[in-house]
Asker: 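Mind looking over this structure? Questions follow.
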Amino acid sequence: MQTILLAFVLIIFFISASCKQDTTPELVWEDTERSVQFQYDPIRAGDPRLISDLVQENGHTCFISGEDPNFRIRICIDSTGISEFAQALSAWREGSIIPEFTSTLSDDSEYKIGTYPFSGIRKKVEGPKFSLIGDRKLKSLNAGTEVWDRTNFNLKNHFKNFSIFTFSNGTSVLVLSPLGESEVYLGFSFKSSSLEQEIQNSIRVKNRIGLENCISSVPIITEIFGETNSNLGRWIEIYNPNTFPICEEGLEFSLFGNNVLLPQTTGFISGRETRIYAEDSASLENISLSGIKWGDLKKVGKILLRKGDRSFEFNLPGTGYLFGETYYSWKGNSFSICETISKFCMDPGENQISGAENKTDCDPNDFELEELNPSGLLHKGILKEDWKYLDLIYKGRSICDPSSLKISWGKNLFPLRINQKISEGEILSIGNLPFLLGKPSYSFSVFKSVTTNDLVSISNSKGKEKVLWDGIFRTSKGIPTRIILQKTNGETVSVCFQNGQAFLHPYSADPYLNNESQFVFSQSTIARENPRTSAARKFCQRSQLVSKAGFSEVSWMGSYQSADPISKDRFLEFISITENSPESIFLEIIQGNGTIVSILLPLEKEGLSLLSSGKSTCFPQTEFWKDTSFSLPSSGSNILKIYDPYTGELWDEFAYSSSGPGVNDTRNKIRKSAYSKLESAGRIWSASSYLGKPYRDPSCPLTDAHPGISE
């Protein structure tokens with residue numbers, strides 16, 4: 001019997017010894033009778049459980065806090081004080097102050113627990129002998145001879161953790177920092193004369209093992225945040241995706257040629273460990289990093305984490321991180337995804353790598369561009385140039401969540417912030433459109449300095465990208481030199497898309513007029529002022545009606561204001577020669593030397609259409625479609641042609657030279673436009689007369705033209 005008992009004891013001893021050497025199994029305590037025990041195991045590669053709670057362990061009721069089992073404190077209490085202890089924990093979680101409660105640990109020694117404001121905690125931890133700091137804010141309270149913080153130990157996550165203050169009389173105080181927006185701390189004081197030595201010995205031994213076994217490798221950058229105005233500060237998150245520790249020595253960030261060594265801590269980064277490096281003013285738990293030019297995180301390019309000739313590259317977003325009222329972090333291929341409305345869309349310091357793509361996430365390939373507006377919208381007679389937008393149409397068959405997507409237009413990159421899943425045929429609107437605020441399929445973005453020729457793409461968090469628009473406007477007549485989308489009165493035209501084909505937005509009837517709701521009425525006024533746009537509405541469809549247009553008036557020389565020639569007053573006038581007016585025309589200006597300039601421009605729904613370089617000097621009340629680069633040659637033999645942009649059919653042409661048609665009398669300062677008339681013999685071109693309309697500036701009496709008026 002004694003032999004059997006001895007053998008059993010030896011088996012238990014060897015199992016216990018084996019567990020101490022193996023860092024991967026669950027924790028086996030060295031002495032289950034002790035009330036207070038500290039555990040530190042940075043070499044263990046498994047993901048920890050974050051905890052601060054009462055649990056049943058080895059037949060005892062114990063309070064456990066930390067990253068279980070990698071970094072934790074266990075304090076077992078007597079059963080008589082469980083309910084009061086639980087009340088203190090509940091008050092801490094709720095952010096309420098309760099009186100200090102006294103009871104005993106499992107070894108019958110006394111403890112005190114309560115919740116306190118910062119001032120109360122400061123008094124409780126004055127004059128410690130040793131401090132283990134898990135919250136940077138608490139480090140400022142410590143005047144002790146020895147302070148150990150995140151640079152002395154490794155945690156898997158970079159969050160606030162428990163702090164311990166030990167005193168010369170054998171008392172220790174465990175402090176838990178506030179949760180969320182709370183300002184209430186939990187304070188737990190108890191007797192444990194050997195705790196300080198146990199903590200120091202455990203950390204030293206395990207750190208030495210980690211340093212001896214670390215591999216010369218490079219971690220990965222997983223998340224960055226570079227917005228200036230946030231109280232979080234700017235930061236860079238790195239992660240060791242391996243099960244083995246990585247040696248710190250020689251690791252550096254490289255940002256646009258500026259190389260900054262990572263600050264030395266324990267000498268290694270644990271397997272599956274996440275770290276935050278930040279500017280000194282950052283409020284997150286972090287390791288302070290000096291020397292980085294933080295403003296460079298907004299530039300287009302890459303940041304590298306490297307050691308020697310090995311490096312990890314991380315793409316920068318090339319934009320800011322504040323969209324509307326929400327701050328987004330950047331994860332290399334996309335901005336962070338928010339499941340709920342939050343001021344901060346990010347998860348700094350969290351030990352996780354995004355796994356498989358969510359089955360409900362939208363596929364970028366299932367989207368097409370429906371409308372593109374690079375000019376803005378008219379509102380109460382004023383062009384809002386920042387009201388630029390994109391409308392996407394979803395072509396997928398299944399209902400999906402678009403929140404993992406981002407949109408790129410030129411140098412602008414934005415996350416999609418849509419508050420609902422979408423179905424086939426639905427429109428997503430992206431832009432700065434105040435009248436759509438609150439609409440579930442609208443995502444706020446401010447597009448700056450975009451043009452029709454800028455590339456538009458959509459991508460997901462896995463880097464899958466689809467180009468929605470390559471910036472090339474193709475017609476059957478070829479690619480126009482310029483596309484006209486704006487009128488001198490501020491009216492704009494969107495670009496429409498149907499089956500991948502781009503065309504100028506046709507005139508649309510106001511669909512909101514019969515709806516009495518105030519929300520829709522606000523859109524109604526926008527629709528009236530912008531009849532060639534349809535934000536957030538599925539509208540783009542090319543007309544199949546037969547239509548044709550021709551030239552009606554040409555001012556190839558401009559105006560005279562008194563004796564001053566006004567070349568910018570050159571204009572073209574077009575007229576529909578069918579019952580239905582075309583939506584647009586393809587114009588070619590063919591100079592005598594063979595140079596060809598082509599322009600795609602919209603036409604009016606009714607009446608005459610005018611093209612010029614902008615506001616006219618001599619006809620200031622006349623509105624033109626505006627092409628700031630527009631000009632017509634005034635010498636040599638030149639030909640103007642207009643075509644159907646969809647079929648390429650030639651609709652009309654006009655040939656002129658310095659001798660006419662039209663009059664350019666430089667000696668007498670007289671200019672007369674060429675005007676097309678239909679007479680019995682057919683169509684003829686003659687010099688125009690001014691018959692009192694439209695309004696002509698009195699200083700231009702020798703300029704005869706009538707843009708926008710039939711003679």
Asker: Does a donor on one side chain sit under 3.5 Å from an acceptor on the other, for N207 and Y40?
Answerer: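 The criterion, which ignores hydrogens and geometry beyond distance, is satisfied for Y40 and N207.
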Asker: Of the non-hydrogen atoms in E183 and P178, which two are nearest, and what is the gap between them?
Answerer: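 What the structure gives for the nearest pair is C-CG, 3.7 Å.
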Asker: Between L262 and I287, is any pair of side-chain heavy atoms under 4.5 Å apart?
Answerer: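 Not in contact.
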Asker: Which heavy atom of F367 sits nearest a heavy atom of K466, and at what distance?
Answerer: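 Result for this residue pair: O-NZ, 2.6 Å.
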Asker: Centroid-to-centroid, F162 to F71, below 6.0 Å?
Answerer: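 Ring centres of F71 and F162 closer than 6.0 Å.
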Asker: Quick one: does NZ or CZ of K124 land under 6.0 Å from the six-membered ring centre of Y185, within 45 degrees of the ring axis?
Answerer: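 Checked: cation-pi criterion not met.
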Asker: Kindly say whether L284 contributes a backbone atom to a donor-acceptor pair with the side chain of N286 at under 3.5 angstrom?
Answerer: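 Yes, N286 side chain to L284 backbone: donor-acceptor pair under 3.5 Å.
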Asker: Determine whether the aromatic ring centres of residues Y327 and Y321 are separated by less than 6.0 angstrom.
Answerer: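 Judged by ring-centre distance (under 6.0 Å), Y321 and Y327 do not meet the cut-off.
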Asker: Distance-only, no hydrogens or angles: does the N213 side chain make a donor-acceptor pair with backbone N or O of P245 under 3.5 Å?
Answerer: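 Judged by distance alone, no pair lies under 3.5 Å.
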Asker: For a 4.5 angstrom cut-off between non-hydrogen side-chain atoms, does D361 reach K462?
Answerer: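 They are not in contact (no side-chain heavy atoms under 4.5 Å apart), so the answer is no.
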Asker: Side chain of K156, backbone of R44: donor and acceptor closer than 3.5 Å?
Answerer: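 At least one qualifying donor-acceptor pair exists.
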Asker: Would you name the heavy atoms of I407 and L390 that are closest together and state the gap between them?
Answerer: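 Result for this residue pair: CG1-CD1, 3.9 Å.
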Asker: Between N152 and D149 (side chain of the first, backbone of the second, donor and acceptor by atom type, cut-off under 3.5 Å), is there such a pair?
Answerer: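 Indeed, once roles are kept as given, a pair shorter than 3.5 Å links the two residues.
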Asker: Could you check S329 against E237 for side chain to side chain contact (heavy atoms under 4.5 Å, CB included), going step by step and ending with a plain yes or no?
Answerer: CA-CA 10 Å; S329 65; E237 180 188 81; over 6 Å; no
Asker: Does N412 use its side chain to pair, donor to acceptor, with the backbone of K448 at less than 3.5 Å?
Answerer: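 Pair found, side chain donor or acceptor close to backbone of K448.
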Asker: Answer yes or no: is there a side-chain heavy-atom contact under 4.5 Å between K307 and C247?
Answerer: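 They are in contact (side-chain heavy atoms under 4.5 Å apart), so the answer is yes.
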Asker: Short question: side chain of S443, backbone of R417 - any donor-acceptor pair under 3.5 Å?
Answerer: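 It does hold such a pair.
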Asker: Looking at K137, is its backbone amide N or carbonyl O close enough to the side chain of D135 to form a donor-acceptor pair, meaning the two atoms are under 3.5 Å apart?
Answerer: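 Judged by distance alone, yes, a pair lies under 3.5 Å.
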Asker: Provide the closest heavy-atom pair for E198 versus V36 in the form atom of the first, atom of the second, distance.
Answerer: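 For E198 and V36, the tightest heavy-atom pair comes out as OE1-O, 4.2 Å.
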Asker: Measuring from atom CD1 of I399 to atom CD of Q420, what distance do you get when rounded to the nearest 0.5 angstrom?
Answerer: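 Going from CD1 on I399 over to CD on Q420, the span is 10.0 Å.
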Asker: Flag this pair as yes if the NZ/CZ of K293 is under 6.0 angstrom from the six-membered ring centre of F256 and inside a 45 degree cone about the axis; otherwise no.
Answerer: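 Verdict for F256: no cation-pi partner in K293.
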Asker: Judged by modelled atom types alone, do S216 and R310 share a side-chain donor-acceptor pair under 3.5 Å?
Answerer: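 Yes, R310 and S216 have a side-chain donor paired with an acceptor closer than 3.5 Å.
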Asker: Could K331 and D347 be called an ion pair, given the rule that one side-chain N must be under 4.0 Å from one carboxylate O?
Answerer: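 A salt bridge links K331 with D347.
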Asker: Only one of F165, W148, F167 clears ring-ring contact (aromatic ring centres under 6.0 Å, His included) with F130; which?
Answerer: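 Only one of F165, W148, F167 forms a ring-ring contact (aromatic ring centres under 6.0 Å, His included) with F130, namely W148.
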Asker: Could you walk me through whether E223 and E350 satisfy the side chain to side chain contact (heavy atoms under 4.5 Å, CB included) test, starting with their C-alpha distance in whole Å, then the side-chain angles of each, then the deciding distance to 0.1 Å, before giving a yes or no?
Answerer: CA-CA 10 Å; E223 191 173 359; E350 190 168 351; over 6 Å; no
Asker: Using 0.5 Å steps for rounding, measure from the CD1 atom of I73 to the SG atom of C62.
Answerer: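 One gets 11.0 Å once the value is rounded to the nearest 0.5 Å.
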Asker: Is the gap between the ring centers of F188 and Y111 under 6.0 Å?
Answerer: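 Judged by ring-centre distance (under 6.0 Å), F188 and Y111 do meet the cut-off.
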Asker: Do T274 and N157 meet the criterion of a side-chain donor-acceptor pair at a distance under 3.5 Å?
Answerer: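 The criterion, which ignores hydrogens and geometry beyond distance, is not satisfied for N157 and T274.
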Asker: Show, in sequence, the C-alpha distance, side-chain angles and deciding distance for R306 and N259, and conclude whether the side chain to side chain donor-acceptor pair (under 3.5 Å) test is met.
Answerer: CA-CA 10 Å; R306 67 185 190 183; N259 301 325; 3.3 Å; yes
Asker: Is the closest side-chain donor-acceptor distance between S288 and D280 under 3.5 Å?
Answerer: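 The criterion, which ignores hydrogens and geometry beyond distance, is satisfied for D280 and S288.
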Asker: Which heavy atom of F344 sits nearest to which heavy atom of S230, and what is that distance?
Answerer: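 Shortest heavy-atom contact: CE2-OG, 3.5 Å.
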Asker: Apply the test side chain to side chain contact (heavy atoms under 4.5 Å, CB included) to residues L255 and L297: give CA-CA distance (whole Å), side-chain angles for both, the deciding distance (0.1 Å), then the verdict.
Answerer: CA-CA 8 Å; L255 184 59; L297 292 182; 4.1 Å; yes
Asker: Output yes when a side-chain donor or acceptor of T243 lies under 3.5 Å from a complementary backbone atom of G271, and no otherwise.
Answerer: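 No.
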Asker: Between the side chain of N70 and the main-chain N/O of P42, is any donor-acceptor distance below 3.5 Å?
Answerer: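 Answer holds: no.
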Asker: Going through the checks in order, is the side chain to side chain contact (heavy atoms under 4.5 Å, CB included) test met by N161 and R150?
Answerer: CA-CA 10 Å; N161 215 301; R150 181 63 192 251; over 6 Å; no
Asker: Can you tell me if D363 uses its side chain to pair, donor with acceptor, with the backbone of N365 under 3.5 Å?
Answerer: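 Side chain of D363 to backbone of N365: a pair is present.
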Asker: Please say whether more than 12 non-hydrogen atoms of neighbouring residues, nucleotides or ligands are located less than 6.0 Å from CD in Q56.
Answerer: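 Yes, because the 6.0 Å sphere around CD of Q56 holds more than 12 heavy atoms from other groups.
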Asker: What's the spacing between R72 CZ and Q37 CD if we round to 0.5 Å?
Answerer: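 Between R72 CZ and Q37 CD, I get 8.5 Å after rounding to 0.5 Å.
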Asker: Distance check, rounded to the nearest 0.5 Å: C214 atom SG versus E249 atom CD?
Answerer: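 Spacing of SG (C214) from CD (E249) equals 9.0 Å.
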Asker: Report, as yes or no, whether the 6.0 Å neighbourhood of atom CD on E325 holds more than 12 heavy atoms from other residues, nucleotides or ligands.
Answerer: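 Result for CD/E325: open.
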Asker: Below 4.0 angstrom, N of the basic side chain to O of the carboxylate: do E57 and R74 qualify?
Answerer: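 Salt bridge present between E57 and R74.
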Asker: Please check if any side-chain donor atom of E146 sits under 3.5 Å from a side-chain acceptor atom of S131, or the reverse.
Answerer: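 No - no donor-acceptor pair under 3.5 Å links their side chains.
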Asker: How about CD on Q264, more than 12 heavy atoms from neighbouring residues, nucleotides or ligands closer than 6.0 Å, or not?
Answerer: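 Counting other residues, nucleotides and ligands, CD of Q264 exceeds 12 neighbours.
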Asker: Looking at every heavy atom in both Y442 and L433, which two are closest together, and how far apart are they?
Answerer: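 So the minimum-distance heavy-atom pair works out to OH-N, 2.9 Å.
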Asker: Could you tell me the separation between the OG atom of S445 and the CH2 atom of W409, rounded to the nearest 0.5 Å?
Answerer: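 That separation rounds to 10.5 Å.
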Asker: State whether E285 and R136 are salt-bridged, where the test is any N-O pair (Lys NZ or Arg NE/NH1/NH2 against Asp/Glu carboxylate O) under 4.0 Å.
Answerer: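 So E285 does not pair with R136 through a salt bridge.
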Asker: Mind checking the CD1-CG spacing from I164 to L132? Nearest 0.5 Å is all I need.
Answerer: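 It is 5.5 Å, given to the nearest 0.5 Å.
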Asker: Using distance alone, with no hydrogens and no angle criterion, decide if S172 and S192 have a side-chain donor and acceptor under 3.5 Å apart.
Answerer: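 Per modelled atom types, S172 and S192 side chains form no pair under 3.5 Å.
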Asker: Which one of W235, F414, F335 satisfies the ring-ring contact (aromatic ring centres under 6.0 Å, His included) criterion with W330?
Answerer: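 Going through the options one by one, the only one that passes is F335.
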